[in-house]
Amino acid sequence: MRKILLNAKYHIDLTIMVFVEGTIIKPKSWLSLYNHNRYVPIGNAVKIIKTWQQQGANIIFCTSRKKSQADDIAILLKEYGFIGSFLIAREPKESYKDIVEMLQPDILIEDDCKSIGGAWQMCITKVNLDIKKNILSIVVPEFQGIDHLSLNIEQLYDVGTF
């Protein structure tokens with residue numbers, strides 16, 4: 001297949017993978033920490049992701065939930081207006097490393113997993129170095145959201161760490 005770019009202003013060949021829980025949604029209150037159906041968007045996450053998508057980015061969401069709970073997260077994302085191509089959920093015996101290596105996003109945005117042990121729980125941590133070097137990893141503080149990130153995709157490269 002041959003792709004011919006008609007207008008660079010409206011299309012970029014870029015995939016952004018965004019981890020959901022703790023990065024763009026959080027519990028409504030600490031009492032609902034284990035009730036994922038009561039999670040709410042963090043700050044302006046919906047607007048920011050919508051803006052990236054409008055700039056031509058392919059948005060992929062990744063959830064920690066499995067099976068029917070992943071379906072619940074998909075419903076939540078739709079209800080709140082998160083725009084993206086699809087939601088990824090791990091299958092049995094699959095790790096976050098497997099998902100990242102399979103999808104190889106250009107940018108991976110996730111939280112620091114502070115409440116569950118830190119970096120060793122993050123998606124990017126165990127990714128093969130040959131793949132990892134091509135992914136811009138942006139780590140945000142857990143439950144603090146992505147409001148500090150630029151609406152302009154090109155400026156995301158100024159805050160990320162490879």
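A donor-acceptor pair under 3.5 Å is absent between the side-chain atoms of Asp111 and the main chain of Val140, judged by distance alone. Listed for the Trp52 side chain is a donor-acceptor partner under 3.5 Å among the backbone atoms of Ser150. Counting only distance, with no hydrogens or angles, the side chain of Glu94 and the backbone of Ile99 share no donor-acceptor pair below 3.5 Å. A donor-acceptor pair is defined here as one N or O able to donate and one able to accept, closer than 3.5 Å; such a pair exists between the side chain of Lys132 and the backbone of Thr125. Here the side chain of Asn58 pairs no donor or acceptor atom with the backbone of Leu14 at under 3.5 angstrom. A donor-acceptor pair under 3.5 Å is formed between the side chain of Arg90 and the backbone N or O of Ser64.
Interatomic distance, Asp112 CG to Thr23 OG1, rounded to the nearest 0.5 Å: 8.5 Å. With rounding to the nearest 0.5 Å, the separation of CE in Met17 from CD1 in Ile59 is 12.0 Å. Rounded to the nearest 0.5 angstrom, Ile24 CD1 and Leu77 CG are separated by 5.5 Å. To the nearest 0.5 Å, the span separating CZ on Phe86 from CZ on Phe61 amounts to 11.0 Å. The CG atom of Asn128 lies 9.5 Å from the NZ atom of Lys133; values are rounded to the nearest 0.5 Å. Here CD of Glu21 is found 12.0 Å from CD of Glu110. Values are rounded to the nearest 0.5 Å.
Between Leu149 and Ile109 there is a side-chain heavy-atom pair separated by less than 4.5 Å. By the 4.5 Å heavy-atom criterion applied to side chains, Ile25 and Phe82 are counted as neighbours. Arg65 has its side chain out of reach of Asp72: every pair of non-hydrogen atoms, C-beta onward, lies at least 4.5 Å apart. Proximity of Ile42 to Gln144: side-chain heavy atoms (C-beta onward) are nowhere separated by under 4.5 Å. In this structure, the side chains of Leu156 and Ile16 come closer than 4.5 Å at one or more pairs of heavy atoms. Contact check for Val100 versus Leu108: side-chain heavy atoms found under the 4.5 Å cut-off. Within the 4.5 Å cutoff, the side chain of Cys62 has no heavy atoms near those of the Val20 side chain.
The nearest pair of heavy atoms linking Ala70 to Thr63 is CB-CG2, 4.1 Å. When all heavy atoms of Pro27 and Phe143 are compared, the closest pair comes out as CD-CE2, 3.6 Å. Across all their heavy atoms, Val139 and Ser137 have their closest contact at CG2-OG, 3.8 Å. Nearest approach of Gly81 to Val46, heavy atoms of both residues: O-CG1, 3.5 Å.
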Stepwise, does the side-chain contact (heavy atoms from CB on, under 4.5 Å) test hold for Ile60 with Leu103?
CA-CA 9 Å; Ile60 298 170; Leu103 295 173; 4.2 Å; yes

Report the C-alpha separation of Ile146 and Ile49 in whole Å, then their side-chain angles, then the decisive distance to 0.1 Å, and conclude whether the side-chain contact (heavy atoms from CB on, under 4.5 Å) test is met.
CA-CA 9 Å; Ile146 59 173; Ile49 290 171; 4.0 Å; yes

Start with the C-alpha distance between Ile75 and Glu79, add both sets of side-chain angles, then the distance that settles side-chain contact (heavy atoms from CB on, under 4.5 Å), and finish with yes or no.
CA-CA 6 Å; Ile75 290 167; Glu79 284 178 0; 3.4 Å; yes

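Counting non-hydrogen atoms of neighbouring residues, nucleotides and ligands closer than 6.0 angstrom, the NZ atom of Lys66 exceeds 12 such neighbours. For Lys50, the NZ atom is loosely surrounded, since the number of other residues' heavy atoms within 6.0 Å does not exceed 12.
No chain of hydrophobic side-chain contacts below 4.5 Å, direct or via other Ile, Leu, Val, Met, Phe, Trp or Tyr residues, connects Ile107 to Ile83. Leu151 and Ile138 fall within a single hydrophobic cluster, where Ile, Leu, Val, Met, Phe, Trp and Tyr are joined by side-chain heavy atoms under 4.5 Å apart, directly or via other members. In this structure, Ile73 is a member of the same hydrophobic cluster as Tyr80, with clusters built from ILVMFWY side-chain heavy atoms closer than 4.5 Å.
Side-chain N/O atoms of Ser68 and Asp71 include no donor and acceptor closer than 3.5 Å.
Residues Tyr96 and Phe19 place their aromatic rings such that the two centres sit under 6.0 Å apart.
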